[in-house]
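For the single chain, residues carry numbers from 1 onward in sequence order.
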Amino acid sequence: MPLSWNEIKPRAIKFSKEWEDAEKENAEAQSFWIEFFNVFGISQRRVSSFEHSVKKLGNKDGRIDLFWKGRLIIEHKSKGKDLDKAFKQAIDYFPGLKEDELPKYILVSDFENFRLYDLDENTQHNFVLSELHKNIKLFGFIAGYQKIKIREEDPINIKAAEKMGKLHDLLKEIGYDGHELEIYLVRLLFMLFADDTGIFEKDILWDFVENQTSEDASDLAPKIAQLFQVLNTPNEKRLKNLDENYAQFPYIYGKLFDENLRLAAFDSKMRKILIESCAMDWSLISPAIFGSLFQSIMDKKERRNLGAHYTSEKNILKLIKPLFLDELWDEFHKIKGNSRKLAEFHKRLGELKFLDPACGSGNFLIIAYRELRLLEFEILKIIYKNDRVISIENIVWINIDQFYGIEIDEWAARIAEVAMWLIDHQQNMQISEKFGSYFVRIPIKKSANIIHANSLQTDWKSLVSKNELSYILGNPPFIGYSLQTKKQKHDMKLVFGNIKGAGALDYVASWFLKAAKYIQETKIKVAFVSTNSISQGEQVGILWRELINKYNTNIFFAYRTFKWNNEAKGNAAVHVVITGFSNFNIKTKKLFDFEDIAGEPLEIKVSKISPYLIETKNYFIKKIRKPISSVVEMMKGSQPTDGGNLLMKDLEKMNFIRKEPNAEKYIRPFISAREFLKGEKRWCLWLENINPKELKIMPLVLERLNKVKEMRLASSKIATQKLANFPSQFTENRQPKEDYILMPSHSSENRKYIPIGFLKSDSILNNSCFSVPNATLYDFGTLTSEMHMTWVKYTCGRLESRFRYSNTIVYNNYPFPKDINDKQKKRVEKAAQKVLDTRLEFPDSSLAVLYDPLTMPPSLVKTHNQLDKAVDLCYRPQAFTNERARIEFLFDLYSQYVAPLQAEMNKKKKRKRKKS
């Protein structure tokens, strides 16, 4: 174990006095450095060598005065000699060293003067021999204390995962796989980290692998197996004649080395990878992100994009700060001047308990634990400001056994468990440095309580009592309903039972309901990251109606939609929300909104937060068949289900008509969202009411119909198979008889307005769009207004972040203006016509270009603004100052529309009950 700084300091003073006045020659330099290393409790002979031979540039021979590979070069000069020259000489050795031998530090000295160069940080420290005791912490890398400076995107994190990935593949190739391989690699991970962070004496694992095993690796696996046993054996129970190369390793326990594993087998290539891994500085690796990286090495496809899938600390803090951390820090600042209250507060921190019921490789637990320890650190600095700490173990009350996790993937669960030990050790090193006494929890007596299980099939109370738990947090798997496996759908059924519509929910919704059930009659606070779908569209009415009405769920903070990602190359951003909720009301609530979903949030204090994550009452918009307003019904377009055989592009159409001229009058424009928005052309065979005799004389049409029939017969859906009997017809025909307004079902969230337009009835509308038949200019103006777009943003579903419009959710529930007069209506119609006229001024530009926020013509922006004003005046004479004002007004108007409908529905139910 490393010496404490309090132990090192007097040794440094003694060393300085002994050498300070003596007249020394170069011949005595070796004695000087042997004693220098001894100051820090390290045997120089074990970690470094004198007069190390190396080839310099030009193939010249060189000798490094003292070389500690991968760590340190020392160049020693006679007293009074040029130390700049000594530094340059040290640098000249670099070309002759392997990459893993390159040092992180250069130390030059002439007995009296010292210069330490930190090559990673590009810093230089100068001091004289008599001041060594004041500068001992600069040599923490010798003593076994490592400065912790974690960078999320530090390449060493990815490099380490790649090394272990190669070792994983080679072990798997020889048949060492499955559970045993997972445990084996987790043990190696722990030992590599221990070798660089003071759990082991510095670099003893590296020395063991490189110098105590044969180059052909024939004895490496048996020796590692024996090392596993040693690490699991208390010192007093070890053999008295145990080889010192094993005896130097401490007793670890912690159940990590309990299980007996099959003997692995190594070759020279695998040994080389392990040595290269030992040569890396594992103290620089963050347990918070390495867990995810390390988890991905088990899958070669995942490994190609290492770094793309871990959750950044910045995003994790978005959840844990409003869930508990901000509140704890606020309390700390209020009571830090009161010693009694501070001691009580410290005690309470040691009693808090946290559960992540889908913990993965432990990211959320790790960061939560680290932040809690950092708060405790500040408490201890105040409590022991004027007192010397004799035993750090007795003053640190927060431990990893306060943290619980459930994870379905065994590999991830084991990684999480080890990562919690590692972050605990890093925090122990930090507090050791502050109080000058070495503190390490070895042997490991406590662990994070992480179980390998299906969270949705596990009774969370069997892991931790809800009367003891403080917080539930995490990032459960998202998975839309169409992508769920049979097992996942079964899980959903277990949680939701017979709740109507639950089959349309994302998988993540199961954790919301399970947590809501668990926290009944407690003060537990919960926060989950989820897809933004659960706060939009039909999922709100299904999930949140149950959570709020049955389980009294209160949302007390929320982040509206933002991009959940990191800065790694190739990472796919996911659009998410964070929702914090409880079973009790919290007076002051926080809503975090984003002007730019990839930017920084704006915090708003509010009195209430609805499931749509806005400051309104709890409304639940659900699918309905008819509009709540007195407007024309909106219908979905027609679906061909034809394998492309009824459809054709421009050139294909021309060639077809040339060969089959009689078919020309049956070819109609076919309009999907793509054709409408991008101005492209596609056509379809529209054979409604065609005379069979006429059809019979068109062989090329018949050929296409036969292919349609074959395609439908090959379908796995029985309904589609039946429609093979009608190959000339679309499987779903909802084509309007009158001219209509087209509304695309999907549109970019970057557009201020969803582009809509009027089409003729002979343009066949695809099922990627909706139609409003026989619509007026007033209908067009209202639907393309900012007022309607505000409703769309809050109630529509999303595909990633794109709007997913629907007639049953968005349109049918939209509160059109009430009781408007002719003047108001004509004002909207006039402004709507101006929008259409302005579009015609740009015949070469598609609607996608015209409505791109970067290319939208100023004249079109102006006419839309005029239309927005006209529509706003149909709602009320006062201007709407912002989007919040609009949506709050719309939800209030919505409640006015549905209140009488709901009252009538309740009457009908009452009459039915009476009859029954």
Side-chain angles (χ1 to χ4, degrees), residues 482 635-746 755-774 843-849:
S482 61
M635 299 184 298
K636 195 174 184 180
S638 301
Q639 182 168 325
T641 319
D642 65 326
N645 293 295
L646 295 177
L647 311 179
M648 53 190 80
K649 293 184 179 178
D650 255 357
L651 183 60
E652 192 178 0
K653 172 204 166 194
M654 290 169 57
N655 291 333
F656 189 79
I657 291 174
R658 184 170 50 81
K659 296 176 183 178
E660 191 77 277
N662 292 329
E664 184 171 11
K665 63 180 177 179
Y666 296 105
I667 298 176
R668 303 277 184 88
F670 183 71
I671 311 296
S672 71
R674 181 180 177 86
E675 282 77 43
F676 176 70
L677 294 172
K678 294 186 177 293
E680 298 175 358
K681 289 185 178 180
R682 205 157 44 133
W683 309 85
C684 71
L685 284 168
W686 190 251
L687 303 171
E688 289 295 304
N689 302 317
I690 188 171
N691 189 308
K693 184 179 178 182
E694 195 173 359
L695 181 59
K696 189 70 175 175
I697 62 171
M698 292 188 284
L700 292 182
V701 173
L702 291 173
E703 182 182 328
R704 283 179 172 250
L705 295 185
N706 190 52
K707 289 180 179 178
V708 173
K709 183 174 184 177
E710 290 175 355
M711 174 264 164
R712 291 179 183 175
L713 285 171
S715 172
S716 60
K717 296 180 179 178
I718 294 174
T720 304
Q721 293 172 15
K722 289 180 179 179
L723 288 167
N725 294 321
F726 310 96
S728 64
Q729 310 299 304
F730 278 31
T731 54
E732 297 176 22
N733 180 359
R734 289 178 287 265
Q735 180 61 22
K737 304 296 183 187
E738 308 89 3
D739 295 348
Y740 58 90
I741 285 176
L742 178 153
M743 172 73 74
S745 60
H746 295 99
I756 64 174
F758 286 100
L759 269 74
K760 297 291 184 183
S761 61
D762 63 353
S763 291
I764 307 305
L765 189 66
N766 176 252
N767 63 317
S768 63
C769 304
F770 295 95
S771 69
V772 182
N774 207 21
D844 297 329
S845 297
S846 68
L847 288 172
V849 172

Closer than 3.5 angstrom, by distance alone: can the side chain of [X] be matched with the main-chain N or O of [Y] as a donor-acceptor pair?
X	Y	value
N655	E652	no
E688	Q729	no
S715	K717	yes
Q735	S761	yes
R712	T641	yes
R704	L685	no
N645	D642	yes

Measuring only between side-chain heavy atoms, which start at C-beta, is [X] closer than 4.5 Å to [Y]?
X	Y	answer
K693	I697	no
F676	L847	yes
K737	P773	no
P744	L677	yes

Nearest-0.5 Å distance that lies between atom [atom1] in [X] and atom [atom2] in [Y]:
X	Y	atom1	atom2	value
S745	N767	OG	CG	8.0 Å
W683	S763	CH2	OG	8.5 Å
S771	M635	OG	CE	4.0 Å
M648	F670	CE	CZ	11.5 Å
I741	L765	CD1	CG	12.0 Å

Item to check | CD1 (I718) with more than 12 external heavy atoms under 6.0 Å | outcome: no
Under a 4.0 Å threshold between the charged nitrogen and the carboxylate oxygen, would [Y] count as salt-bridged to [X]?
X	Y	answer
K681	D650	no
E680	R674	yes
E664	R658	no
R734	E732	yes

Checklist entry - If you measure only the distance, is there a donor-acceptor pair under 3.5 Å linking the side chains of E694 and Y666? => result yes
Checklist entry - Are L713 and T720 close enough, and set up right, to give a side-chain contact (heavy atoms from CB on, under 4.5 Å), and what steps lead you there? => result CA-CA 7 Å; L713 285 171; T720 304; over 6 Å; no
Nearest heavy atoms of [X] and [Y], plus distance in Å:
X	Y	value
M698	I690	CE-CD1, 3.8 Å
S638	P640	O-CD, 3.8 Å
L647	C684	CD2-CB, 3.6 Å

Item to check | Intermediate values then yes/no, side-chain hydrogen bond (donor to acceptor under 3.5 Å, both in side chains), E738 and N774 | outcome: CA-CA 6 Å; E738 308 89 3; N774 207 21; 5.6 Å; no
Checklist entry - Do W686 and F730 pass the ring-ring contact (aromatic ring centres under 6.0 Å, His included) test, and can you show the C-alpha distance, the side-chain angles, and the key distance before you say yes or no? => result CA-CA 8 Å; W686 190 251; F730 278 31; 5.0 Å; yes
Checklist entry - After noting the C-alpha distance and the side-chain angles of R668 and D762, does the key distance pass the salt bridge (Lys or Arg N to Asp or Glu O under 4.0 Å) rule? => result CA-CA 7 Å; R668 303 277 184 88; D762 63 353; 5.8 Å; no
Next on the checklist: S768: which residues meet the side chain to side chain donor-acceptor pair (under 3.5 Å) condition with it, sequence neighbours left out?
Outcome noted: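 With neighbours one apart ignored, the set is N766.
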Next on the checklist: I need the full list of ring-ring contact (aromatic ring centres under 6.0 Å, His included) pairs touching residues 693-712, with sequence neighbours left out, sorted by first then second residue.
Outcome noted: none
Item to check | Verdict with reasoning, K653 to I657, per side-chain contact (heavy atoms from CB on, under 4.5 Å) | outcome: CA-CA 6 Å; K653 172 204 166 194; I657 291 174; 3.6 Å; yes
Item to check | Matching residue for L742 among I671, I756, V772 - test: side-chain contact (heavy atoms from CB on, under 4.5 Å) | outcome: I671
Next on the checklist: What verdict does the side-chain contact (heavy atoms from CB on, under 4.5 Å) test give for V701 and F656, after you've listed the backbone C-alpha separation in whole Å, the side-chain angles of each residue and the deciding distance to 0.1 Å?
Outcome noted: CA-CA 9 Å; V701 173; F656 189 79; 3.7 Å; yes
Item to check | side-chain contact (heavy atoms from CB on, under 4.5 Å) assessment of L705 paired with L646 | outcome: CA-CA 8 Å; L705 295 185; L646 295 177; 3.8 Å; yes
